[in-house]
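Atoms considered below: every heavy atom in the structure, side chains included; atoms not considered: hydrogens, waters and symmetry mates. Numbers for residues simply follow the sequence, beginning at 1.
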Amino acid sequence: MDAIDDTGRNLAQWLRDVARGRLGAPQTPPPAADGTREDVLEYLERRTGRKLRSREAVDRYLKDLEARESEFRRKGMRRGIIRGTLLLALILTAYLNYYYWDVRLEIVSLPAVQVFVPVNPPR
């Protein structure tokens with residue numbers, strides 16, 4: 001699974017570099033092991049479900065990828081906060097439950113003291 005993710009990231013980085021002109025003008029994409037540049041482009045278009053025939057289309061696709069990634073990170077942070085809050089609430093509830101039953105047990109274990117007070121009967 002990691003190899004697939006790395007390949008996707010490498011491809012996305014390569015597309016970003018090409019779109020921003022960092023690779024220089026005359027450079028060609030890395031040679032595909034199973035076909036020509038057009039084959040690779042067609043494969044990429046099939047996988048993404050979009051036409052990537054212009055730089056603007058590639059830029060839009062990369063911006064969508066970045067937006068999805070940031071949304072995924074934001075949801076992950078939200079899940080982490082909720083998980084931490086729930087864990088803290090459970091720990092607090094467990095401690096308070098322990099404390100309540102400890103106090104109840106201490107009260108029950110106190111020795112019983114009976115005191116008789118002499119009272120004069122009414123005349």
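Between Arg73 and Glu69, at least one side-chain nitrogen of the basic residue sits less than 4.0 Å from a carboxylate oxygen of the acidic one, meeting the salt-bridge criterion. Ion pairing between a basic and an acidic side chain is recognised when a charged N comes within 4.0 Å of a carboxylate O; Asp59 and Arg16 show no such pairing. Ionic pairing of Glu71 and Arg74 is present here: one or more N-O contacts between side-chain nitrogen and carboxylate oxygen are shorter than 4.0 angstrom.
Of the inter-residue distances, the one linking Thr48 atom OG1 with Leu11 atom CG reads 9.5 Å to the nearest 0.5 angstrom. Separation of atoms CD (Glu56) and NZ (Lys63) is listed at 10.0 Å; rounding is to 0.5 Å. To the nearest 0.5 Å, atoms OG1 (Thr85) and CG (Leu90) are separated by 11.0 Å. Note: Glu42 CD to Asp39 CG = 6.0 Å, rounded to the nearest 0.5 Å. To the nearest 0.5 angstrom, Ile91 atom CD1 is 11.0 Å from Leu86 atom CG. In this structure, CZ in Arg60 is found 6.0 Å from OG in Ser54, a value given to the nearest 0.5 Å.
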**Request:** Report the C-alpha distance between Trp101 and Asn97 in whole Å, list the side-chain angles of each, state the deciding distance to 0.1 Å, and finish with yes or no for side chain to side chain donor-acceptor pair (under 3.5 Å).
**Result:** CA-CA 6 Å; Trp101 286 109; Asn97 193 19; 3.0 Å; yes
**Trace of the side chain to side chain contact (heavy atoms under 4.5 Å, CB included) decision for Leu92 with Leu88** = CA-CA 6 Å; Leu92 182 64; Leu88 183 62; 5.6 Å; no
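A 4.5 Å side-chain heavy-atom check between Gln13 and Arg9 finds every atom pair outside the cut-off.
Crowding of Arg53 atom CZ: a count of heavy atoms from other residues, nucleotides or ligands under 6.0 Å exceeding 12.
The heavy-atom pair separating Leu15 from Leu62 by the smallest distance is C-CD1, 3.9 Å. Contact record, Tyr61 with Arg50: CA-NH1, 3.3 Å, taken as the closest heavy-atom pair.
Put simply, the side chain of Glu45 never gets that close to the backbone of Lys51: no donor and acceptor are under 3.5 Å apart.
A single hydrophobic cluster is not seen to contain both Leu110 and Val115; linkage of ILVMFWY side chains at heavy-atom distances under 4.5 Å, directly or through other members, places them apart. Connection of Leu52 to Tyr43 is not established within any shared hydrophobic cluster, with ILVMFWY side chains joined at heavy-atom distances below 4.5 Å, either directly or through further cluster members. Both Val103 and Tyr95 belong to a single network of hydrophobic side chains, linked directly or stepwise wherever heavy atoms of I, L, V, M, F, W or Y lie under 4.5 Å apart.
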